[in-house]
Chemist: 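Below you will find the structure I want to go over with you.
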Protein chains: 2
Amino acid sequence: MSTSFPAFPPKDHDHCACLNTALGRAKARCNEQGIKWTALREQVFLEVATSHKPVSAYDLIDVLAKNGKRVAPVSIYRILDVLQSAGLVHRLESRNAFFACMADHGSAAHTITLVCEDCDRVIEAAAPDALHAIAAAAEAANFLMRHTVVEVSGLCADCAAREAPSC
Amino acid sequence: MSTSFPAFPPKDHDHCACLNTALGRAKARCNEQGIKWTALREQVFLEVATSHKPVSAYDLIDVLAKNGKRVAPVSIYRILDVLQSAGLVHRLESRNAFFACMADHGSAAHTITLVCEDCDRVIEAAAPDALHAIAAAAEAANFLMRHTVVEVSGLCADCAAREAPSC
DNA sequence: TTCTTTTACGTTATAACATTACATATTGTG
DNA sequence: CACAATATGTAATGTTATAACGTAAAAGAA
């Protein structure tokens, strides 16, 4: 199976290549949108993208600090705002954390977010039917939908297998 | 139109009756589940339910303080946990806030949450199709779904009408 | 080029949200 | 009543996010 919105990446996938692809896409996207790609933005984006797990703003501060770059919270939040508005990073509302968008979709993409409670990995899964049904329900309630958050927590296949090894 | 999951309540609805119904249901629910209905829990529940808007834990502390009852954050969070586990109060992840469940459904109810960006009112809308589609997408990704958050922000009918009066 | 404007980033302080660890009080049951 | 279980209090602290204002660096115009 090979779709544009894959399942959780295998643990041994080529992370370096994966990261480079994301980086290239990110630069291109910012270029299109007239958003400057600065050194600091790149560092932040790479830190977010390096982890397939959601990271908090303060996680990022810590990591950058270890790399010798001290950044204040407000700077991180500003940069995360920029990356979010470019659609390169999404916020995981249910965890007050951020993760890199690994797919090449617009901000209005019909995807939902799946988070593994065990290993914390995050993926986006295509779910146009779900988004349409949500739109229909909103419309039925006479509600003008602007932004939708769909976050599912549970177990990824790997962790589910590990938790129930007897079967 | 009259469903069990109504649209936003009219601004002039009988809030007092609405509150009493919710209160009765809350007590009954706790009784069923073997959860004690204490004076403090009642106060907290009523404060949450009195507002159709999401309230933060610290909002609740402030309101209770005005009513002469000083409560520490930890107590509020504990009580909110209890009310949430009883399905009487839900957390609005996208706002770090809480709102009372006005419908008589279990915690696994097939509802989504609609929040008006303008007036901040919250309702839950039935959306079984949406939830089923989400389940299908999760399954397709080989993901064992445990908990789902669906929060839609936008404009309720009243506010949409107010924002676009020319039409 | 210099001047000007805009955008990015830094500094400091503080607000807002949430939990840990431990103590006390209240309630229900034998 | 004594006891156990549950609920709440107290104090401290951890975590997440923003406001207000200053400086620097980049982009565009004269």
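For the numbers below, each heavy atom of this structure counts, side chains included, while hydrogens, waters and symmetry mates do not. Residue numbers start from 1 in every chain, and the chains themselves are labelled A, B, ... in the order their sequence lines are given, proteins ahead of strands.
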Chemist: Can Glu151(A) and Thr113(A) be counted as having a side-chain donor-acceptor contact under 3.5 angstrom?
Modeler: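 The answer is no; no qualifying pair exists.
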Chemist: What is the distance, to the nearest angstrom, from the CG atom on Leu92(B) to the P atom on dA18(C)?
Modeler: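 Nearest whole value for this atom pair: 11 Å.
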Chemist: Distance check needed: dT20(C) C1' versus Asp81(B) CG, whole Å only.
Modeler: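 The distance from CG of Asp81(B) to C1' of dT20(C) comes to 14 Å, rounded to the nearest Å.
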Chemist: Report each atom pair, protein N/O against N/O of nucleotides 5-10 of chain D, whose distance is under 3.5 angstrom.
Modeler:
from	atom 1	to	atom 2	distance (Å)
dA7(D)	OP1	Arg41(B)	NH1	3.1
dA7(D)	O5'	Arg41(B)	NH2	3.3
dT8(D)	OP1	Thr38(B)	OG1	2.6
dT8(D)	OP2	Arg41(B)	NE	3.3
dG9(D)	OP1	Lys69(B)	NZ	3.1
dG9(D)	OP2	Ser75(B)	OG	3.2
dG9(D)	N7	Arg78(B)	NH2	2.6
dG9(D)	O6	Arg78(B)	NH1	3.0
dG9(D)	O6	Arg78(B)	NH2	3.4

Chemist: Enumerate the salt bridge (Lys or Arg N to Asp or Glu O under 4.0 Å) contacts for residues 16-26 of chain A, please, sequence neighbours excluded, ordered by first and then second residue.
Modeler: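 Output for this query is empty, none listed.
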Chemist: Going by the rule side chain to side chain contact (heavy atoms under 4.5 Å, CB included), which residues pair with Ala26(B) if we only count those two or more places apart in sequence or in a different chain?
Modeler: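 By the side chain to side chain contact (heavy atoms under 4.5 Å, CB included) rule, Ala26(B) matches Trp37(B), Phe45(B), Leu88(B).
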Chemist: Quick one: which residue pairs count as a salt bridge (Lys or Arg N to Asp or Glu O under 4.0 Å) with a foot in residues 128-141 of chain A, not counting sequence neighbours?
Modeler: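 Salt bridge (Lys or Arg N to Asp or Glu O under 4.0 Å) check on residues 128-141 of chain A returns no pairs.
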Chemist: Suppose we screen for side chain to side chain contact (heavy atoms under 4.5 Å, CB included). Which residues come up paired with Ala97(B), at least two apart in sequence or across chains?
Modeler: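 Partners of Ala97(B) by the side chain to side chain contact (heavy atoms under 4.5 Å, CB included) criterion, ordered by chain and then number, come out as Pro54(B), Arg95(B).
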Chemist: Provide the full list of salt bridge (Lys or Arg N to Asp or Glu O under 4.0 Å) pairs with a residue in residues 69-92 of chain A, sequence neighbours left out, each pair given once.
Modeler: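 Qualifying pairs, neighbours excluded: Arg91(A)-Glu93(A).
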Chemist: Through direct or indirect side-chain contacts below 4.5 angstrom among Ile, Leu, Val, Met, Phe, Trp and Tyr, which residues connect to Val149(B)?
Modeler: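 In the cluster with Val149(B) there is nothing else; it is isolated.
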Chemist: Can you name the side-chain hydrogen bond (donor to acceptor under 3.5 Å, both in side chains) partners of Gln43(B), sequence neighbours left out?
Modeler: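 None.
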Chemist: Find the distance Leu80(A):CG to dA8(C):P and express it as a whole number of Å.
Modeler: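 The answer, rounded to whole Å, is 15 Å.
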Chemist: Can you measure Ile61(A) atom CD1 to dG10(C) atom P for me and round it to whole angstrom units?
Modeler: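 Taking CD1 of Ile61(A) and P of dG10(C), I get 11 Å after rounding.
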Chemist: For nucleotides 15-17 of chain C, which of its nitrogen or oxygen atoms have a protein nitrogen or oxygen under 3.5 Å away, and what is each distance?
Modeler:
from	atom 1	to	atom 2	distance (Å)
dC17(C)	OP2	Ser56(B)	OG	3.4

